[in-house]
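Since the structure comes first, as structure tokens, the remarks are kept for the end.
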Amino acid sequence: MQEGSAAGAASAYCSPAMAEPKQTYDPATIEPKWQQFWREHDVFRARNPGDPDFDPAQPKFYALDMFPYPSAAGLHVGHPEGYTATDIVSRWKRAKGCNVLHPMGWDAFGLPAEQYAIQTNTHPAETTAANIATFQRQLQRLGFSYDWNRELSTADPKYFRWTQWIWKQLFARGLAYESNAPVWWCEALGTVLANDEVIDGKSERGDHPCERRPLRQWVLRITDYAERLLRDLDGLDWSESLKTMQREWIGRSEGAEIDFDVDGHAEARIRVFTTRPDTLFGASFMVLAPEHPLVGAITTPAQRAAVEAYQKKAAAKSELDRTDLAKEKSGVFTGAFAHNPLFPKGDPRGRMPVWIADYVIVTYGTGAIMAVPAGDERDFAFATQFGLPIPGIFAPQTGDAAKDAAIASGGLCCSEDVPFAAHNTNGELSIAGLGMAEAKRKVVDWLLRKGCGTSKVTYKMRDWLFSRQRYWGEPFPVLHTQDGVELVPDADLPVELPRMEDFKPGGVPESPLIRARDWVSTKDHKGRPAQREINTMPGAAGSSWYFLRFCDPHNDREFCSKAASDYWLPVDLYVGGTEHAVGHLLYSRFWTKVLHDQGCVGVVEPFHKLYNQGMIQAFAYEDARGAVVAMKDVKEVGDDAFHAQSGEKLKRIVTKMSKRYGNVINPDDVVNEYGADTLRLYEMYMGPLADSKPWNPKDVPGVFRFLQRSWRLAVPEFAEKGVVHEWLQQDRQGDPAIEKALHRTIHKVDGDIERLAFNTAIAAMMIFVNEATKATEKLSRGQLLRYAQLLQPFAPHIAEELWQRLGGQGLLARAAWPKVDPALLVDDEIELPIQVNGKLRGRCVVANGADKDTVLAAARAAVADQLDGKQVVKEIVVPQKLVNFVVK
RNA sequence: GCCGGAGUGGCGGAAUCGGCAGACGCACGGGUUUCAAAAACCCGCGCCGCAAGGCUUGCGGGUUCAAGUCCCGCCUCCGGCACCA
């Protein structure tokens, strides 16, 4: 323990050398004691239907944390933030009579474990086991009320046996397929990555450059579920911003596909996707993605060299460069002409040059567009740059004549809903005067009749790239035989990883498993030679269904019994960071829906209420140039900070914790110095759960002092006076003022936990303790027992200790939530602020429920000097709130 | 560029439905206690002003008896998306 710290000083008093034994609040003694007691008595075990002591009358509550990835760095202070929040809710729900499922496990497969294993030259299985042990020890000393009987690890064969089984179900439903399409390859990580793991052409983890490369991969057909993944968001209790992120990721757009003939190429038809089929009359050229398969066939000899050069340049560009150069459009004419289906063959109005340009993306829609410069900013920019025609199609009436004229002539681009001009006709079809919606309908109907177009919905979301070229992941239960792909029978699951000494990526795109020759070569079901799949599953595989396994973690016949998941699902409260907004949360929803369709799970959505905690940040100091100075070079003097070497005055900023800055707070240190209850309480007291907020070491002793004051309310300084104060040793009537304060506090804390406003709940308890401290000897045993009940979800150890000392019945962790008497929430007399012309001028005390005239009379008397000689034009009386006189 | 969220004392934050702005904590100042210090406890603490009083929730307008809260226009910060046809 650190010298001079609050708790450190406290334990010094407890040293045996002291003549009189003091009873100081000493978390180092009481916390391990209660943790051990709770574990030994299995206090937080959740009951499943069918368990001997299961009570069907009890409501269930499933409180879930995003389980951690057990990194070598150990627990970060960010972890206990969300974990404390769900623990408070879990303990509170138990007190309210719920059967609570609050489990914890380990997301143990994945790249970092393998990277770390390579660095330290130890096997990932060993480092992972060691990291799990550390995380477990760190979490267990925080006193979370997890049902540790349900602990699981995704890297445990007993677990991933079922990950493999679920994958087989996906395969059987046609939702898993092999593909050779270009994928994101990251050289530094030696693997391919899914779309959501690549940000601006760099890997999300490690920020390494990535490139598109064709490699054989397993892919899951999540796009088949796009519509349901979108639609079912509506019923979820998630933040709107998170739902928006998912909606945008799914990226639904409604429009039409239209076919264009290519002059002189009877076999070639260019199919485009457009959200504005109504603007077809304004289409003046076509643009294909450089990678579009038709480019080679339609390019004229004269343009071939230029087109191929452009294609080469586009291929060399990463997606990042492509968007970086977005300011200026680039492209090349193919020499070919397509024909607008609105006009008869040969009609010059339908003649459209075909270009290639990298602003058209091959993987979205059909990889080709019809360009309507009058109605699309990008097409407008392209047409302007290359001198292509911009036919005007609109007849706007905005009231701004100059603007209207510019739009009508095609001199100004307009993507809004404005009426079409009279010339939008081909004789058969006219949309003159129509708005967007009606014109769309008419054009698509006409195209449909002519057989060259149809309405169509597309999604931005791509299929889920579901394999990695790495060792430390779930093997696929698949063999490659001479007849093709063959599934490993259920009876042979799990397919375990071979024990390998060298699992480093070997500079080849293939997984290191390719070197495990004895493992790779096997026999198919006919006994003929076959090869195992050497790709492994991505990190998100195991985490896509762990919430299901928690319902029935020891089942060795099924991944989870239907009865168990029917009882527990959906998760009632799921807390974690925003970083999983599209990845994990979308994948889990997808797997749940597939398992639902399979009849294995009743719900269609796994997480009813989802809450994103903010980030815990830290202070750092930067110099005049804006460079962050590492904490070891910072000298703090009072409120100011200086550079230790140069003496330069530094500016305090708030930023993320980082090893480089040396501002990382280790939860273990905080527990050692102040105890787990203080850590939990401080993290909840910092501010709203959803906000990002900086860790301020100076604030921590404040909450410690609060716990100490709570302790002092019950426990005398010297042991000879008893385990609690003399006046608490038997029951008696408590002070009525304290009783009222207590009821108000219970009411406030109850409501605040409900809305996850833990900071204000703690403030309410502090107010109670401040009031109670002023009247310590008037407190009754019953009052303090109820206070301990309130404190229990937040600071369970001290609360349990106080409960025991006060002689509470049984365990506090199992005690019911205290009752509020509504009669005690109202005051007999209330003080009203009195305003004159909206400014506070006085106060008066009236009986609660006094009639308006009584209140007015008292109010007038209280501000008589202000009203003197003035005329009152209006009197506003808001019952229970205030009085306002408007005077002249 | 588009879509979210936010901006309140020296600091973290509170104000849940338009009704006393600044709860609670930190820091700071004063006091009690002490040989002294720490701890503990008590008092004070938005800004200007000796005071009376005035001003104050990023900025500018508006609605209202009353605006941190509602409306309009801007500024700044954070997050997400970003040539998605």
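What's counted below: heavy atoms across the whole structure, side chains too, no hydrogens, waters or symmetry copies. Predicted model, so just to flag it, every value in this text is computed and none were measured. Below, read A as the first sequence line, B as the second, and so on, with proteins coming before strands; counting in each chain starts at 1.
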Measure the distance from CE on A:M766 to C1' on B:G12 and round it to the nearest whole Å. 12 Å

For B:C59 and B:C55, measure between their P atoms and round to the nearest Å. 15 Å

What integer distance in Å separates A:I653:CD1 from B:C11:C1'? 16 Å

Is any side-chain N of the basic residue among A:E248 and A:K460 closer than 4.0 Å to the acidic one's carboxylate O? no

Going by an N to O cut-off under 4.0 Å, is there a salt bridge joining A:R860 and A:E875? yes

Does B:G19 have OP1 or OP2 sitting under 4.0 Å from an N or O in the side chain of A:N884? no

Rounding to a whole Å, what distance do you find between A:D376:CG and B:A85:P? 9 Å

P atom, B:C24 versus B:C75: distance in rounded Å? 38 Å

When you measure from the side chain of A:P833, which nucleotide among B:C24, B:C20, B:A40 comes out closest? B:C20

A:V886 or A:M686: which one's nearest nucleotide on RNA chain B is closer to the 5' end? A:M686

Between B:G29 and B:A37, how far is it from one P atom to the other, in whole Å? 14 Å

Report the distance from atom CG of A:N195 to atom C1' of B:C81, rounded to the nearest whole Å. 14 Å

Within a reach of under 6.0 Å around NZ of A:K693, are more than 12 heavy atoms found that belong to other residues, nucleotides or ligands? yes

Between A:T745 and A:Y787: side-chain donor-acceptor atoms closer than 3.5 Å: no

What contact category does A:R712 fall into here, base, sugar-phosphate, or nothing, at under 4.0 angstrom with non-hydrogen atoms? nothing

Below the 4.0 Å mark, does B:C65 have OP1 or OP2 next to a side-chain nitrogen or oxygen of A:K874? yes

Is the closest side-chain donor-acceptor distance between A:T578 and A:N612 under 3.5 Å? no

Any side-chain N or O of A:R652 less than 4.0 Å from the OP1 or OP2 oxygen of B:G10? no

G-U wobble or Watson-Crick pairing nucleotide for B:C81 (cut-off 3.5 Å, both distances): B:G1

Side-chain N or O of A:Y364 versus OP1/OP2 of B:A85: is the shortest distance under 4.0 Å? yes

Paired with B:U33: which nucleotide, if any, by Watson-Crick or G-U wobble criteria at under 3.5 Å for both distances? none

Would you kindly say whether A:Y359 and A:D379 are connected by a side-chain donor-acceptor distance under 3.5 Å? yes

Would you say A:K839 places a side-chain N or O within less than 4.0 Å of OP1 or OP2 belonging to B:C55? yes

On the nucleotide B:G25, are OP1 or OP2 found under 4.0 Å from the side-chain N or O atoms that A:N770 carries? yes

Under the criterion side-chain contact (heavy atoms from CB on, under 4.5 Å), which of A:V700, A:N759, A:V77 is the partner of A:E683? A:V77

C1' spacing across the pair B:A23 / B:U16, given as an integer number of angstrom: 14 Å

Regarding B:C20, can its base be found pairing with the side chain of A:K881 as donor and acceptor, where the two atoms are less than 3.5 Å apart? no

Below 30° counts as parallel, above 60° as perpendicular, anything between as tilted: where do the rings of A:W355 and A:F386 land? tilted

To the nearest Å, give me how far apart OH (A:Y25) and C1' (B:A40) are. 17 Å

Between B:C78 and B:G61 - P atom distance, rounded Å: 28 Å

In terms of base orientation, is B:G5 syn or anti, with the syn window spanning 90° either side of 0? anti

Rounded to whole Å, how long is the line connecting atom CZ of A:F380 with atom C1' of B:C83? 16 Å

Both distances below 3.5 Å, Watson-Crick or wobble geometry, any strand: find the nucleotide opposite B:A14. none

P gap between B:C11 and B:C48, integer Å: 14 Å

Please determine whether a side-chain nitrogen or oxygen atom of A:S253 lies at a distance below 4.0 Å from atom OP1 or OP2 of B:A85. yes

P atom, B:G25 versus B:C17: distance in rounded Å? 25 Å

Nearest to the side chain of A:P694, which nucleotide is it out of B:G19, B:G12, B:C24? B:G12

Nucleotide forming a Watson-Crick or wobble pair with B:A6, both distances under 3.5 Å: B:U76

Closer to the 5' end of RNA chain B via nearest nucleotide, is it A:Q866 or A:S241? A:S241

Provide the distance between the two P atoms, one in B:A14 and one in B:A67, to the nearest whole Å. 23 Å

How close or far is atom P of B:U16 from atom CD of A:Q880, stated in whole angstroms? 17 Å

Establish, with yes or no, whether the OP1 or OP2 oxygen of B:C41 is under 4.0 angstrom from a side-chain nitrogen or oxygen of A:R709. yes

When both hydrogen-bonding distances must be under 3.5 Å and the geometry is Watson-Crick or G-U wobble, what is B:C20 paired with, if anything? none

Figure out the CG/C1' separation between A:N612 and B:G79, and round it to whole Å. 11 Å

Partner lookup for B:A66, please. Criteria are Watson-Crick or G-U wobble with both distances under 3.5 angstrom; report none if nothing qualifies. none

What form does the base of B:C47 take, syn (within 90° of 0) or anti? anti

